[in-house]
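For reference, the structure discussed in these notes is given below.
It should be emphasised that the depicted structure is a prediction, and the values quoted were computed from it without experimental measurement.
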Amino acid sequence: MIQLNLKQLLLACSVLFFTFSENRVNAQPALGITSFENNTGSTISLLLSDACTEGRSATIAGYTFYLRSAVNCAVNNPLAGPTSDGHINLITTPAATGIWQEGRISSSDGSSFKLNTITISALTTPFVGKTITFTGYKEDAPVAGASLVSAPITATGLANQLSIDFTGNVGFYDIDEVRMNPSGTDAQGTISIHAIDISEAGDPLPLFFTHMEAFASETGARVLFETVSESHVKDYEIQLGVAGSDFHTYDRIAAKNGEAQAYSSSVVTSETGNLWVRIKANDMDGAVTYSRIAMVNRQQTKDIVIYPNSAKDVIHILHAQQPNYRILDASGKVVQVGEMVNQQIDISQLPIGLLILQIDGKSYKVTKQ
């Protein structure tokens, strides 16, 4: 039998208590839906005075809730009284000057997660008509593409819930904090958090080059490329090499980030003979993705380039001028005429299917999605 003296027993209990306390405060949020219906936890009472420029925070169920205001603010979890329900309330006061500046929800242990939904209610009328911008952060830095604006708040009260769905935005797939900023400059009072739904953090869909084309120009090369599933991409480097190797960067383009994007670049070089071109995509976290390698025959130039070949809204025309154009449908009927603007043609109002673009007496096929 193991026997402990009183001093050893007290030390063991203190270590056990310390470990439990730390785990409770710095716990990882549970995957799935965490409901704050009558959820117990740390509480900060409403402060009637004292500036809140440094913010107030409380940790409950693996989440840390934070609110900042120029005057007074509080994060509380009311469980007493006839109207209390245990929701997480982010509160500013007094009514005349207690303006919301920023609210935050983060994992209390700093772990990453994929944000699915947040369900909220506004309990004070200054929020009616306002939207809330949600921005995803990781390690205290904004994540590229992780931004979403809620629908306008239409009414106050716990029964008027607004669920914000983040699942369609890959920027929220790997964050450790989301920050909330109401529109306008007079949002005051209480936002109540009903529930948060998260999943295990997952990498966004990998960047994919759907089209890449390079051709000779009088001064070097023109490069066109299209991507899908852009997220966390910092920029693109247009690289030229000789004999398919020894690549060097000649141009750099900032990434737009989004589901589908199109880019073009004009590269100036004194290199002679054939050129090899590739695109290097640099992620925010330092990861790199390369496109295929395309060869440019310096003896063959193109007067005009049209991309993408299949488009929904806009087609891009690389041409020395801004010429007039005509577009015909598959039956030969003219459906649009005009002059290009910024080397683009808006086809969003044209019928879906095969179109014939006519420029400088030549015809080119384009598919309208």
Side-chain angles (χ1 to χ4, degrees), residues 19-42 44 55-68 75 77 86-90 102-121 131-151 161-182 191-207 229-234 257-259 283-287:
T19 303
F20 173 77
S21 298
E22 285 298 298
N23 287 338
R24 182 184 68 81
V25 173
N26 297 316
Q28 188 174 19
L31 299 180
I33 300 174
T34 297
S35 172
F36 295 99
E37 303 283 347
N38 299 312
N39 197 322
T40 60
S42 302
I44 294 181
R56 310 282 180 216
S57 64
T59 297
I60 302 172
Y63 290 98
T64 295
F65 298 88
Y66 166 94
L67 181 62
R68 178 165 51 86
V75 180
N77 176 221
H87 294 119
I88 307 303
N89 292 325
L90 308 180
E102 184 174 67
R104 303 179 186 177
I105 303 173
S106 61
S107 58
S108 61
D109 67 344
S111 59
S112 298
F113 54 86
K114 173 187 174 184
L115 182 59
N116 297 321
T117 60
I118 296 177
T119 304
I120 66 172
S121 289
T131 60
I132 297 180
T133 297
F134 293 82
T135 306
Y137 276 69
K138 186 172 183 180
E139 298 177 354
D140 208 35
V143 175
S147 180
L148 187 149
V149 180
S150 75
Q161 298 183 10
L162 178 62
S163 183
I164 299 92
D165 185 354
F166 302 87
T167 56
N169 188 322
V170 297
F172 290 95
Y173 281 20
D174 189 7
I175 64 172
D176 56 32
E177 180 178 71
V178 61
R179 301 187 183 182
M180 303 178 291
N181 297 94
I191 290 290
S192 185
I193 312 295
H194 292 262
I196 303 172
D197 181 12
I198 65 171
S199 300
E200 185 175 356
D203 292 332
L205 295 173
L207 171 71
S229 300
E230 278 188 0
S231 179
H232 298 78
V233 182
K234 179 183 178 182
N257 284 298
E259 179 54 32
D283 281 6
M284 298 287 188
D285 60 5

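Applying the 6.0 Å contact sphere to CD of E200 captures no more than 12 heavy atoms from other residues, nucleotides or ligands.
Taking OG from S150 and CD1 from I132, the interatomic distance works out to 5.0 Å, rounded to the nearest 0.5 Å. Taken to the nearest 0.5 Å, the CD1 atom of I198 stands 11.0 Å off from the CD1 atom of I105. To the nearest 0.5 Å, atom CZ of residue F36 and atom CD1 of residue I88 are 5.0 Å apart. Of the inter-residue distances, the one linking T135 atom OG1 with N181 atom CG reads 6.0 Å to the nearest 0.5 angstrom. In this structure, the separation between CD1 on I175 and CZ on F113 is 4.5 Å, given to the nearest 0.5 Å. The OH atom of Y63 sits 5.0 Å away from the CD1 atom of I196 when rounded to the nearest 0.5 Å.
Side-chain atoms of N89 and S192 include a donor-acceptor pair closer than 3.5 Å. Side chains of T64 and T59: a donor on one and an acceptor on the other come within 3.5 Å.
At a threshold of 4.5 Å between non-hydrogen side-chain atoms, the residues V178 and Y137 do not count as touching. R56 places none of its side-chain heavy atoms less than 4.5 Å from the side chain of L67. Within the 4.5 Å cutoff, no side-chain heavy atoms of M180 are placed close to those of I118. Residues I33 and T117 fail the side-chain proximity criterion, which asks for heavy atoms closer than 4.5 Å. Side-chain contact between F172 and V143: absent, with no pair of heavy atoms (C-beta onward) separated by less than 4.5 Å. Counting heavy atoms from C-beta on, the side chains of D109 and P29 come closer than 4.5 Å.
Residues forming a salt bridge (charged side-chain N to carboxylate O under 4.0 Å, His left out) with R179 (at least two apart in sequence, or on another chain): D140, E177.
Proximity of a side-chain donor or acceptor of S108 to a complementary backbone N or O of A27 within less than 3.5 Å is detected. Between the side chain of D174 and the backbone N or O of S112 there is no donor-acceptor pair closer than 3.5 Å.
Across V75 and A58, no two heavy atoms sit closer than the pair CG1-CB, 3.9 Å.
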Throw together a table of side-chain donor-acceptor distances under 3.5 angstrom for residues 161-170, partners on residues two or more places apart or in other chains.
residue : atom : partner : partner atom : Å
Q161    : NE2  : H194    : ND1          : 3.4
D165    : OD1  : T167    : N            : 2.9
D165    : OD1  : T167    : OG1          : 2.7
D165    : OD2  : T167    : OG1          : 3.4
N169    : OD1  : G171    : N            : 2.9
N169    : ND2  : G145    : O            : 3.1
N169    : ND2  : S147    : O            : 3.2

